[in-house]
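Shown next, in structure tokens, is the structure this report addresses.
Letters A, B, ... mirror the listed sequences (proteins, then strands); counts begin at 1. Both backbone and side-chain heavy atoms feed into the values below; hydrogens, waters and symmetry mates do not.
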2 protein chains.
Amino acid sequence: MASTHAAAPGGDRRRQRRAATKAEILRIAAELMAAEGAGGLSLSAIARRMGIQPPSLYKYFSSRNAVYDALFAEGQRAFSAALREGAEGAPPGLPALEAGVTAGLRWAVEHPPLAQLLFWRPVPGFTPSAESYAPALEAVGRIADLVAGAVHEGHLHPDAATDEGRELLGVLLAGVVTQQLANDPGTAFAEGRFSRHTPAVLRAFRLHYPPPAA
Amino acid sequence: MASTHAAAPGGDRRRQRRAATKAEILRIAAELMAAEGAGGLSLSAIARRMGIQPPSLYKYFSSRNAVYDALFAEGQRAFSAALREGAEGAPPGLPALEAGVTAGLRWAVEHPPLAQLLFWRPVPGFTPSAESYAPALEAVGRIADLVAGAVHEGHLHPDAATDEGRELLGVLLAGVVTQQLANDPGTAFAEGRFSRHTPAVLRAFRLHYPPPAA
DNA sequence: AGCTTTAGCTATGGCTATTAGCCTTAGCTG
DNA sequence: CAGCTAAGGCTAATAGCCATAGCTAAAGCT
């Protein structure tokens with residue numbers, strides 16, 4: 001038994017419990033957003049679900065926007081992870097780019113409330129904090145790296161690795177997510193009226209930046 | 001003088017005044033949305049601006065969502081008109097398609113709050129009514145016609161006029177609007193970090209559906 | 001065992017949308 | 001032109017929201 005508390009310097013039990021509660025709040029928040037839309041999050045509703053009074057939530061998050069901020073950060077991390085994991089399983093170059101991007105899109109379609117938070121500006125008073133935005137830059141950098149990799153492998157024209165190329169790819173990704181979430185929500189990635197065209201979208205990008213004549 | 005009321009059967013003056021007030025409400029609503037984001041519309045704020053009490057607004061709109069609905073309808077009509085007017089000035093076929101689409105995108109970027117209402121789902125409890133949605137279908141049909149025209153002129157592969165082609169084009173348009181409004185708002189269409197790539201986006205679509213070898 | 005911190009509570013304030021009901025007057029109609 | 005109708009404003013009130021202040025009990029660290 002003594003072994004169970006071996007690695008804890010100060011305030012371990014409390015810290016753990018606190019982290020668990022925060023996680024529960026975010027989990028419920030995401031559920032409510034799924035039902036009401038990203039902008040429809042209500043602290044009162046979260047509290048009701050948890051069986052506590054609304055002001056008690058302020059022990060964990062300093063405001064409603066702080067909850068949004070935490071969700072934004074979580075979403076960015078998950079999106080970035082999806083990109084990475086998708087790309088890892090594929091050969092370097094274009095396959096890695098396409099696998100990563102596809103995995104990212106799949107994640108977005110499967111997590112509508114978080115994706116709305118990342119891709120849209122659905123909450124009036126809320127803009128992500130600098131810390132929460134950091135993973136967003138990481139995701140952007142990751143995509144840039146994948147594009148650069150495809151160019152390096154000779155799979156895409158070098159222009160793909162310019163601002164134009166990266167921004168164009170961003171437009172394509174945002175387009176798939178936006179159309180799918182706004183006009184055909186609740187459908188799985190593979191069947192989604194828009195997300196199912198992900199391969200066609202990638203093909204368009206490829207055709208726009210064909211590899212230099214070998 | 002008699003001529004001024006000639007063509008009015010019943011309640012003309014009142015009807016006119018009422019219409020003007022409704023229009024003023026919508027105009028102010030759009031202004032407020034521009035400042036706060038589409039989801040941040042407040043009837044109280046509208047009333048304050050007009051110098052009346054909030055409940056008085058209910059004489060003109062039955063609810064906050066009814067205001068959104070009217071704005072949605074107005075936006076769809078304006079977007080559809082932009083498409084039409086853009087296409088009219090260009091030769092039929094691909095030029096008309098690209099001119100129409102470009103004009104539509106320009107309109108969207110220049111009218112952020114209405115565009116958000118059309119392309120995203122930024123308001124929790126609101127879904128457009130059937131009547132307000134009708135012009136949306138008209139806009140979709142208009143784009144479909146333009147695509148069909150370009151195919152008919154031999155400027156695009158017939159596959160462009162399939163569901164995939166139309167949906168792909170929708171993805172591209174939504175992508176430009178989404179990225180521009182979410183990540184570089186307030187910049188003009190020509191300079192927008194994403195909207196300036198509209199020609200590249202259209203080129204990608206063209207390359208994806210090259211005309212049959214003549 | 002004692003003390004500190006945590007995590008809950010209630011009460012309160014100020015905002016919101018919405019409903020009900022009143023009242024004045026603009027302006028239509030006989 | 002006189003009278004009536006209804007349009008368009010108002011106040012009051014309900015129910016919900018976020019947020020702050022301050023209290024209390026117990027959890028758990030030392």
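- In the model, Asp184(B) has a side-chain atom that pairs as donor or acceptor with a side-chain atom of Thr187(B) under 3.5 Å.
- Whole-Å rounding puts the Arg13(A) CZ to dA26(D) P distance at 17 Å.
- Across all strands shown, Ser56(B) has heavy atoms under 4.0 Å from base atoms, whether or not it also approaches the sugar-phosphate.
- In this structure, Ile46(A) places its CD1 atom 11 Å from P of dA19(D), rounding to the nearest Å.
- Tyr60(A) comes within 4.0 angstrom of the backbone, heavy atoms only, and of no base.
- Aromatic ring pairs are classed by plane angle as parallel below 30°, tilted from 30° to 60° and perpendicular above 60°; the pair Phe79(B) and Phe119(B) is perpendicular.
- As rounded to whole Å, 20 Å separates atom P of dA15(D) from atom CG of Leu43(B).
- Here dC18(D) presents its P atom at 13 Å from CD of Gln53(A), a figure rounded to the nearest Å.
- Between Phe205(A) and Tyr209(A), the angle of the ring planes goes over 60°, which puts this pair in the perpendicular group of the 30/60° scheme.
- Each of Pro54(A) and Pro54(B) has a nearest nucleotide on DNA chain C; the 5'-most of these lies closest to Pro54(A).
- To the nearest angstrom, P of dA17(C) lies 11 Å from CG of Leu32(B).
- Residue-level contact check: Thr21(A) touches neither bases nor backbone, having no heavy atom under 4.0 Å from any strand.
- When each of Arg17(B) and Pro55(B) is assigned the nucleotide of DNA chain D bearing its nearest heavy atom, the one mapping closer to the 5' terminus is Arg17(B).
- A 6.0 Å sphere centred on CZ of Arg27(A) holds more than 12 heavy atoms belonging to other residues, nucleotides or ligands.
- Rounded to an integer number of Å, the gap from CZ of Arg18(A) to C1' of dT4(C) is 15 Å.
- One can place CD of Glu36(B) at 14 Å from C1' of dT16(C), the figure rounded to the nearest angstrom.
- Ring centroid separation for the pair Tyr68(A) and Phe72(A) does not come in under the 6.0 Å cut-off.
- Rounded to whole Å, atom C1' of dT29(C) lies 15 Å from atom CG of Asp12(B).
- Taking the side chain of Tyr58(B) as heavy atoms from C-beta on, and the options dA17(C), dC10(D), dA11(C), the nearest nucleotide is dA17(C).
- Within 3.5 Å, a donor on the side chain of Arg14(A) pairs with an acceptor on the base of dT5(C), or the reverse.
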